[in-house]
Undergrad: 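Encoded as structure tokens, here's the structure I'll be asking about.
Atoms considered below: every heavy atom in the structure, side chains included; atoms not considered: hydrogens, waters and symmetry mates.
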Amino acid sequence: MLKKPFSPQMALEIVTLESLVPPGHLLRKIEAVIDFSFIHELVAGLYCPDNGRPPLDPTLMFKALFLGYLFGIRSERQLVREIEVNLAYRWFLGLRLTDQVFDASTLSQNRRRRYQDSTVAQAIFDRIVEQAIAHGLVDGTVLHTDSTHLKANANKNRYDKAVIAKSRADYWDDLDAAIAEDRAAHGKPPLKPKQRQPAEKETKISRTDPQSGYMVREGKPTGFFYLDHLTVDGRHAIITDTYTTPANVHDSIVYLGRLDRQRARFGFDVKAVGLDAGYATAGIAKGLEDRKIPSVTGYRRLTPPKPGMLGPKDFTYQDDPEGYRCPQGQVLTYATTDRDGYRHYKSDPTICRNCPLLASCTANANAERSITRHVWRDARERTDANRLTSWGKAIYKRRKETVERSFADAKQLLGHRYARFRGITGVTCQCLLAAAAQNIKKIAMALAKTPSPSPA
């Protein structure tokens, strides 16, 4: 007999929120191993202790933000709507079935008025990394670094042009000392004192988000972007550092400073690093050698010479006598060392004029060929050689399995393809909280797989 359907929506049931969340849910694993209690003490100084209305609990607020990153909810309004109807989210935040969820404007106004810089986000990220270290998931022995781009919240067709200075490299002071030492070793007088200034270049400045950078890279989209410079530990791909810059800042500019911060902040004894080809510079190679850290960098393809012309690879560098030997046997001798750290080696025009390879060697009107070599080129060559060793191949392969995988997960699952906010501060907080959310998930999943010790 066909009965009339019964609507259970108004039925009264006695249930607990605890019983409605599946036992294997990700949020249960996170709640079991991650201690969020430090957030309250961390931000207590930003609240008035004895005046005003009761605020939204900061621990609850940041846990709600982590939900947005963990489940790829980019909109704070959508996040609040999801919390209203998702039982697991309510359980994670400690909200009862009948509790009213906070308004989305509470999140945005706290961000604008109370958390105006990235200090708190950086501190939360660091404390999560410390918990990973305490669980034995991070040791800092091998670190892998790369960068990825986030599309800025800006129209690429609305811009002004301006001349701006490039960023200052971490190793400029060391380079100036190396140049002075090299010139003295070759009997050259010191260069006139001159404060090193970043090179200036005309570029596009977004009218919508002026702090973003206009990116023009081979194989990359063109427009206004930010760069997220990420470092992960080689064991479980736990993120140990994230740093945000405009997209027109080269990867190598900030690397050494961020590496030093990790070593100081977490006490890492770094034994090796794996880097993308963008970090294959003489400055990075020398900086890592000075820190006694072996490095493995990707292959960086040099600009090929014009068809039919001899390139630098056709000349052989030698120490005694110092210089480059050309295919015809002439030695290009040392001439000078410039302010950029490059030694100049030049040929003898009287010999070159009668050389059968002159037309394919140089178009110089004086029949003179010159080749430059950086003062730290030896360090760069030693670093390049590491890539061909067995341990170097293993580290570089692991780099693709850690930092590249971390980028893929962030873009596919956390909505990390786009900047959620405008301005370097907002995007920095986004990258820090997204990285912290990734770490939270990795810690929970790694410890869930670890078998508990059997009783004695």
Side-chain angles (χ1 to χ4, degrees), residues 65 67-82 103-118 121-122 146-168 198-230 242-254 276 278 404 406-438:
L65 293 176
L67 286 175
Y69 288 104
L70 285 168
F71 297 98
I73 306 172
R74 293 177 55 204
S75 166
E76 291 176 349
R77 292 187 180 277
Q78 182 62 31
L79 173 61
V80 171
R81 287 193 289 266
E82 292 293 331
D103 193 86
S105 62
T106 303
L107 299 177
S108 60
Q109 293 304 321
N110 269 281
R111 184 178 66 251
R112 294 170 185 170
R113 300 178 182 180
R114 182 170 284 113
Y115 305 104
Q116 298 177 352
D117 56 30
S118 59
Q122 181 69 66
D146 201 356
S147 68
T148 190
H149 56 274
L150 289 79
K151 187 180 184 305
N153 188 0
N155 188 336
K156 68 177 182 180
N157 297 318
R158 295 180 59 84
Y159 61 85
D160 297 311
K161 288 190 175 182
V163 177
I164 62 173
K166 295 185 177 180
S167 300
R168 175 184 173 87
E200 294 184 343
K201 180 181 179 181
E202 185 182 59
T203 186
K204 296 178 181 179
I205 305 296
S206 170
R207 298 175 186 171
T208 311
D209 186 357
Q211 294 182 336
S212 63
Y214 192 76
M215 184 173 71
V216 181
R217 293 189 180 186
E218 184 179 356
K220 303 291 185 181
T222 301
F224 294 104
F225 290 84
Y226 287 94
L227 285 182
D228 182 9
H229 304 264
L230 207 69
T242 175
Y243 189 69
T244 307
T245 65
N248 52 8
V249 175
H250 194 269
D251 295 346
S252 63
I253 294 293
V254 301
D276 186 59
E404 295 286 359
S406 183
F407 284 146
D409 288 345
K411 290 178 179 292
Q412 191 69 20
L413 304 178
L414 278 69
H416 210 52
R417 299 181 187 274
Y418 306 96
R420 303 186 181 190
F421 313 105
R422 293 173 181 168
I424 189 71
T425 300
V427 180
T428 297
C429 291
Q430 173 186 341
C431 292
L432 285 166
L433 294 180
Q438 278 188 281

Undergrad: Hey, what's the ring geometry for Tyr243 with His229, parallel, tilted or perpendicular (30° and 60° as the breaks)?
TA: tilted

Undergrad: Looking at every non-hydrogen atom in both residues, tell me the closest pair between Arg74 and Gly415 and how far apart they are.
TA: CD-O, 4.2 Å

Undergrad: Just so I know, are the side chains of Arg158 and Ser206 near enough to count as touching, which here means a heavy-atom distance under 4.5 Å?
TA: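 The answer is no; the side chains never approach within 4.5 Å.
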
Undergrad: Using side-chain heavy atoms (C-beta onward) and a distance below 4.5 Å, is Cys431 in contact with Leu230?
TA: no

Undergrad: Return the set of residues passing side-chain contact (heavy atoms from CB on, under 4.5 Å) with Thr428 (not counting sequence neighbours), or none when no residue passes.
TA: Ser118, Thr244, Ile424, Leu432

Undergrad: Return yes if some donor-acceptor pair links the side-chain N/O of Asp228 with the main-chain N/O of Thr148 below 3.5 Å, else return no.
TA: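 Answer holds: no.
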
Undergrad: Are the side chain of Arg207 and the backbone of Tyr159 linked by a donor-acceptor contact shorter than 3.5 Å?
TA: yes

Undergrad: Can Arg417 and Gln412 be said to form a side-chain contact (heavy atoms from CB on, under 4.5 Å), step by step?
TA: CA-CA 8 Å; Arg417 299 181 187 274; Gln412 191 69 20; 3.1 Å; yes

Undergrad: Checking Gln78 side chain against Ile73 main chain: does a donor-acceptor pair fall under 3.5 Å?
TA: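 Absent.
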
Undergrad: For Gln116, is there any backbone N or O sitting under 3.5 Å from a side-chain donor or acceptor partner on Arg111?
TA: no

Undergrad: Please report the shortest heavy-atom distance between Thr245 and Val254, naming the atom on each side.
TA: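 It is CG2-CG1, 4.3 Å.
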
Undergrad: Stepwise, does the side-chain contact (heavy atoms from CB on, under 4.5 Å) test hold for His149 with Tyr226?
TA: CA-CA 6 Å; His149 56 274; Tyr226 287 94; over 6 Å; no

Undergrad: Within this structure, what is the OG1-CE distance for the pair Thr203 and Met215, rounded to the nearest 0.5 Å?
TA: 12.0 Å

Undergrad: Please report the shortest heavy-atom distance between Thr208 and Asn155, naming the atom on each side.
TA: OG1-N, 4.2 Å

Undergrad: With a 4.5 Å limit on heavy-atom distance, are the side chains of Gln430 and Leu150 in contact?
TA: yes

Undergrad: What is the distance from atom CG of Asn110 to atom OG of Ser105, rounded to the nearest 0.5 Å?
TA: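 Interatomic distance, Asn110 CG to Ser105 OG, rounded to 0.5 Å: 9.5 Å.
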
Undergrad: Kindly determine whether Asn153 and Asp209 satisfy side-chain contact (heavy atoms from CB on, under 4.5 Å), including the steps that lead there.
TA: CA-CA 7 Å; Asn153 188 0; Asp209 186 357; 5.7 Å; no

Undergrad: Below 30° counts as parallel, above 60° as perpendicular, anything between as tilted: where do the rings of Tyr214 and Phe224 land?
TA: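 It falls in the perpendicular class, over 60°.
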
Undergrad: Applying side-chain contact (heavy atoms from CB on, under 4.5 Å), run through Thr222 and Lys156 and close with a yes or a no.
TA: CA-CA 8 Å; Thr222 301; Lys156 68 177 182 180; 5.7 Å; no

Undergrad: Rounded at 0.5 Å granularity, tell me how far CD in Gln211 sits from CD1 in Ile205.
TA: 10.5 Å

Undergrad: When you check the gap from the basic side-chain N to the acidic O, do Arg420 and Glu76 get nearer than 4.0 Å?
TA: no

Undergrad: Under a 4.5 Å cut-off applied to non-hydrogen side-chain atoms, are Gln438 and Asp409 in contact?
TA: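 The answer is yes, as the side chains (C-beta and beyond) meet within the 4.5 Å cut-off.
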
Undergrad: If you compare all heavy atoms of Ala419 against all heavy atoms of Val427, which two are closest, and at what distance to 0.1 Å?
TA: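 Nearest pair, atom of Ala419 first, then Val427: CB-CG2, 3.8 Å.
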
Undergrad: Salt bridge check, Asp251 against Arg217: does any charged N sit closer than 4.0 Å to a carboxylate O?
TA: yes

Undergrad: What's the separation between atom CZ in Phe407 and atom CG in Leu414, rounded to the nearest 0.5 Å?
TA: 13.0 Å

